[in-house]
2 protein chains.
Amino acid sequence: MERADESEGKDAVTDPAREACPINPVVELIFSRWTTPILWALEHHGRSRFNELQRLLPTITPKVLTQRLRQLERDGLIIRTYHAEIPPRVEYTISDLGRTLVPVFDVIADWSDAHLPQVATARQAYDTARAEEAAWAEG
Amino acid sequence: MERADESEGKDAVTDPAREACPINPVVELIFSRWTTPILWALEHHGRSRFNELQRLLPTITPKVLTQRLRQLERDGLIIRTYHAEIPPRVEYTISDLGRTLVPVFDVIADWSDAHLPQVATARQAYDTARAEEAAWAEG
DNA sequence: CTGGATCCTATAAGATACTG
DNA sequence: CAGTATCTTATAGGATCCAG
């Protein structure tokens with residue numbers, strides 16, 4: 001059993017870092033690594049088994065997938081159903097609470113469509129400007 | 001100059017992890033640690049200097065604040081203005097592009113008001129259920 | 001004042017092997 | 001099948017000192 005390691009810790013819900021930003025707790029809750037891909041997969045692919053999720057998320061490792069699924073289950077965003085068969089079968093679904101996030105994701109997707117290209121442009125401008133500065137400083 | 005360390009790297013915009021989740025690039029872009037508190041502070045407090053931001057975000061270190069400001073500047077979400085005075089003065093503002101995120105943040109804030117308590121409840125239920133299991137297993 | 005440079009630690013994540 | 005255990009590595013972040 002790992003305990004000091006892999007803490008999962010500190011209940012983002014009550015984290016004092018919110019002092020400067022009221023949405024910070026939700027951000028840490030919902031947008032921590034892998035949570036959106038998992039919820040998205042469960043929403044669009046429907047009820048899924050552990051190995052199905054691993055296929056849907058090709059770059060995640062079993063260990064991390066387990067961690068994230070446990071966290072999402074604890075937060076009430078997904079539902080885990082264990083079938084005591086041989087071989088055992090476990091199914092995951094998004095919960096009603098988890099589904100309330102879908103409109104939020106849609107808003108983000110809309111922002112992405114509308115503005116992500118501008119971010120890419122800004123990055124190129126920034127990088128070329130810095131490159132020119134460097135070249136000029138060099139002589 | 002740190003190079004292998006502190007990479008900042010890999011352009012989330014073009015990250016292949018999006019395969020399972022189209023909003024993943026934006027999530028990594030906008031909701032990485034400290035970016036929402038910084039943007040929120042600049043939006044609500046207005047044009048701010050480095051030290052003001054440090055006061056508004058009491059737990060951030062200068063090093064990390066610098067990193068995040070650079071990243072946000074590169075992504076075009078904030079604007080950095082350097083005044084070559086003595087002592088030097090630097091001001092940060094949210095850009096027009098950055099301001100397009102405000103409605104997104106509002107949607108998240110609404111979700112938080114409506115559903116965050118349910119997350120807290122789910123956590124308590126999960127934890128007590130696990131505690132009971134453990135007690136029962138112990139005898 | 002606004003950070004950069006350097007060193008160090010904590011935490012997240014990967015690889016691999018194994019089990020009920 | 002659905003994970004767990006263990007070890008190792010990578011990365012983010014903190015502490016401190018220093019500089020234009």
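Every chain is numbered from 1 and lettered A, B, ... according to where its sequence line falls, protein lines coming before strand lines. Everything numeric here is computed off the predicted structure, so don't read it as measured data.
In this structure, CZ of B:Arg89 is placed 13 Å from C1' of C:dT2, rounded to the nearest angstrom. Here the P atom of nucleotide C:dA13 and the CG atom of A:Leu69 are 14 Å apart, to the nearest Å. Summarising the geometry, the separation between CZ on B:Arg33 and C1' on C:dT11 is reported as 9 Å, rounded to the nearest angstrom. Rounded to an integer number of Å, the gap from OH of A:Tyr92 to P of D:dA2 is 8 Å. Distance, A:Leu65 CG to D:dT4 P: 11 Å, rounded to whole Å. B:Gln67 places its CD atom 8 Å from the P atom of D:dA12, with the value rounded to the nearest Å. Straight-line distance from the CD atom of B:Gln54 to the P atom of C:dT2: 9 Å, rounded to whole Å. Taking atom CD of residue A:Glu28 and atom P of nucleotide C:dA12, one finds them 11 Å apart after rounding to whole Å.
A distance-only check finds a donor-acceptor pair linking the side chain of B:Glu52 to the backbone of B:Arg49 [under 3.5 Å]. In this structure, the side chain of B:Thr66 does not engage the main chain of B:Val64 through any donor-acceptor pair within 3.5 Å.
For a distance-only test at 3.5 Å, the side chain of B:Lys63 fails to qualify as a donor-acceptor partner of the base of C:dG3.
At least one side-chain heavy atom of A:Leu116 sits under 4.5 Å from a side-chain heavy atom of B:Leu29.
Among D:dA2, C:dG3, C:dG14, the nucleotide with an atom closest to any side-chain atom of A:Arg49 is D:dA2. The nucleotide whose nearest atom lies closest to any side-chain atom of B:Arg70 is, among C:dG4, D:dA2, D:dG14, C:dG4. Considering only side-chain atoms of B:Phe50, the nucleotide from D:dC1, C:dG3, D:dG3 that sits closest is C:dG3. Nearest nucleotide to the side chain of A:Val64, out of C:dC1, D:dA2, C:dA13: C:dA13.
A continuous path of Ile, Leu, Val, Met, Phe, Trp and Tyr side chains, each step under 4.5 Å between heavy atoms, connects A:Phe105 with A:Leu97, placing both in one hydrophobic cluster.
Within 4.0 Å (heavy atoms only), B:Pro88 reaches at least one base atom of the nucleic acid.
Using a 4.0 Å cut-off between charged nitrogen and carboxylate oxygen, A:Asp96 and A:Arg99 count as a salt-bridge pair.
In terms of position on DNA chain D, the residue among B:Ile60 and A:Arg80 whose nearest nucleotide sits closer to the 5' end is A:Arg80.
Of the side-chain N and O atoms in A:Thr61, none sit less than 4.0 angstrom from OP1 or OP2 of C:dA13. Dashed line: the shortest gap from a side-chain N or O of B:Thr66 to OP1 or OP2 of C:dG3 is not under 4.0 Å.
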